[in-house]
Every structure is written in structure tokens, then in C-alpha cells.
Amino acid sequence: MSNIISKLEAEQTKKEIASFHVGDTVKVHTRVIEGDKERIQIFAGIVIARKGTSLNEAFTVRKISYGEGVERVFPLHSPKVAKIEVTKPGRVRRARLHYLRGRQGKDAMTVKDVVQNDA
Amino acid sequence: MAIGLIGKKLGMMKVYTDKGEAIAVTVVDVSGNSIIQVKQKSGKDGYSAIQVGYGDQKEFRVTKPLLGHFKKGGSAPKKVIKEFRVTGDDQLPAADAKLDAGLFSAGQWVDVIGTTKGKGFQGVVKRWNFSGQPATHGHMMHRRPGSIGCRLTPGLVWKNQKMPGHDGVERVTTQNLKVIQSRPEDGVLLISGAIPGNKGSIVVVRPAKKKPAPAAK
């Protein structure tokens, strides 16, 4: 890739991003514009994938909403993603947690805790 | 007609707007454009235009007559030379005027002229968007062109009949693209959407013919 493109992309990337990993339970604060007003909406779930690099980096969050699995892909550097808050770190051995999609009930939202594994 | 710039397609990226929408843009390098010659209607040339060069060339690669032409115009040797015609002598810039990305402003509409990617020898489905025929149920004509004419009358295949052949490597003008950012300091223009050609291919950026020019600067 051309140096100029990497430079232009670097200009747009967010300088401070909270550290989070695949398997973490997170709250994603997204900016929602309704008419003239802007408010924050929270999407909470497990990070099941992180992909891409630089400006094109994105992550997928999965949650169970009224018994239905919902996944949302956020571009990491989008201005619409206001904040990412890690509520519970998880320990996983895979980069992609697509296996959660096949799970039902409590298992579907359970990833091992860091503490349990380290003990 | 209006003055444009010669550039090089560098690649694509995205730009976020204030509202958080992502726009796909093509980055075009337009640094190092220089005026080689100003042609005047009142002068020897008989029409109003400027000759612009882009892309530095080593001096020993240029023929001596051409080198003389560059020196006369006060320009370094260039790889690509193009002309931009204007309607009258009064619209011509000075011979030592600077041509850079500042010629275009953000929000302005432009046309981009380039050479498309080569596709090689292609069939009619890809080359001419023929529909083709069914793949199965006894058909044996899947991606073939079908009939190319009648019989004794007219007894020939009409000219310009669409058939398989070489596709791509063709001059194409993509009209009405918006300049998202103009960055003279980096020597690049960020143009919304895709433009013809590979990365590294030479393109010409000019003000859009079918959209009004922006208000005078």
C-alpha cells in the first residue's frame, strides 16, 4: 500500500482505544442520531471476532436478545462507536468464537473467566 | 473546456464524515504537475490551451528535441504530457503558475479519464453483458452468443456485431465524481467512488462537464 494512503488512514484512526480482546464481554456505546438529537445507545455482548487492520479494523459483538441471537459488526475507528467498555474479560483459545452460534441457553453466552483459568 | 490535472491512481480507502458515515474514496496523486507551454489563440498556435506535464523523467531518457522543449517552458522533464484547452486567451494561467491539488476544492464535481484494467480475451457474457442461455435441461448453449444474423438476406454479418474478443484497456471517462478532500500539502486528491484502471495508472482529473462549476474562488 502506498505510503500516502497509510498516512491518510493513520490520521483518521482513533488514538486511544480501550484494550479488549475476543471473548471479552463488552458494552459498545454507539452514537445514534435521531432528528437533530444525538444520544448514546449501548450494545452489550461478547466480542466473537476482530478483523482487519488500521482504519479497516472491525469487531463483531454477539448477544442474545429475547431468545434470538443478534450479531453486530462495528468498524473500530468509526465516529459512531463512542466508547468500548469491557465488563468482563474472558479467556478463550480461539480467534473467532463462531462456535457460540450453535449453542443454546446459558452456554451461548458463556466464555470462561480469566480468573478461573489462571487459578 | 477547463484546466485539469494529470495524476496517478494510488488506491482506495475510506473517509469518515462528521456524521460518522464512511465514504469510499480513490486517492489520486497529482503532485508535480507543471505547465510546459502556454498556447494562445492570438499567437502562433491559433488556439488557447496549456500543455501540462506529470511525473519526473530522468534527463537522459528524454530525446534532445523534447528536452529543449521542456527547457524552453522552464519545466523539468516529464513522463506524461497532456493539453487542456480553454475557450479564450483570457482564461489562460501565467506560464509560471503553480498547478497542484488546490485547483480543485472539496465538494467540487469532477470527471476522471483513465484506462480500464485489461480483461484479456472475453466471451460475450462478460464483454457485452449478454444474458447467455440455461446451463442445464438439455441446453448446449450456456455462454455462447447465439445467432449473429439472418440467412440469404442480408447474407452478411452486420458491422459492429457484438462478439467475443479483447476486453478492457480502453479509455473511459467516469463523470460526476465528487472531490471529498483536496490536499495540496500531500499532493493528493480524494475522489468519491471508483475510477478506471489499476493502481499506478495515469488518469486525468478535470472539472465535471455536466455539473456547474463551483462559485469563483
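Quick note: numbers below take in every heavy atom, side chains included, and nothing from hydrogens, waters or symmetry partners. Letters go in sequence order (proteins before strands), and every chain restarts at 1. Here the structure is a predicted model, which is why all the values come from computation and not from measurement.
By the 6.0 Å contact criterion, NZ on B:Lys41 is open, its count of non-hydrogen atoms from other residues, nucleotides or ligands being 12 or less. Around CZ of A:Arg94, the count of heavy atoms belonging to other residues, nucleotides or ligands within 6.0 Å does not exceed 12. Heavy atoms of other residues, nucleotides or ligands lying less than 6.0 angstrom from CZ of B:Arg171 number 12 at most. With a 6.0 Å radius and a threshold of 12 heavy atoms from other residues, nucleotides or ligands, A:Lys14 has its NZ atom above the threshold. Annotation: A:Lys15, atom NZ; neighbour count of heavy atoms from other residues, nucleotides and ligands within 6.0 Å is above 12. Within 6.0 Å of atom CD in B:Gln40, more than 12 heavy atoms from other residues, nucleotides or ligands are found, so the atom counts as buried in its surroundings. More than 12 heavy atoms of other residues, nucleotides or ligands sit less than 6.0 Å from atom CZ of A:Arg39.
Separating the NZ atom in A:Lys80 from the CD atom in B:Glu21 is a distance of 5.5 Å, to the nearest 0.5 Å. Atom CG of residue B:Asp29 and atom CD1 of residue A:Ile5 lie 10.5 Å apart, to the nearest 0.5 angstrom. With rounding to the nearest 0.5 Å, the separation of OH in B:Tyr16 from NE2 in A:His77 is 8.0 Å. With rounding to the nearest 0.5 angstrom, the CG atom of A:Leu8 is 5.0 Å from the CE atom of B:Met13. The distance from atom CG of B:Leu10 to atom CG of A:Asn3, rounded to the nearest 0.5 Å, is 10.0 Å.
Only the side chain of A:Glu11 comes within contact range of chain B, with heavy atoms under 4.5 Å apart. For A:Ile33, the part lying near chain B is the side chain, with the backbone staying farther off; criterion is any non-hydrogen pair under 4.5 Å.
Nearest approach of B:Lys14 to A:Asn56, heavy atoms of both residues: CE-OD1, 3.4 Å. Closest approach of A:Pro79 to B:Gly20, counting heavy atoms only: CG-CA, 3.8 Å.
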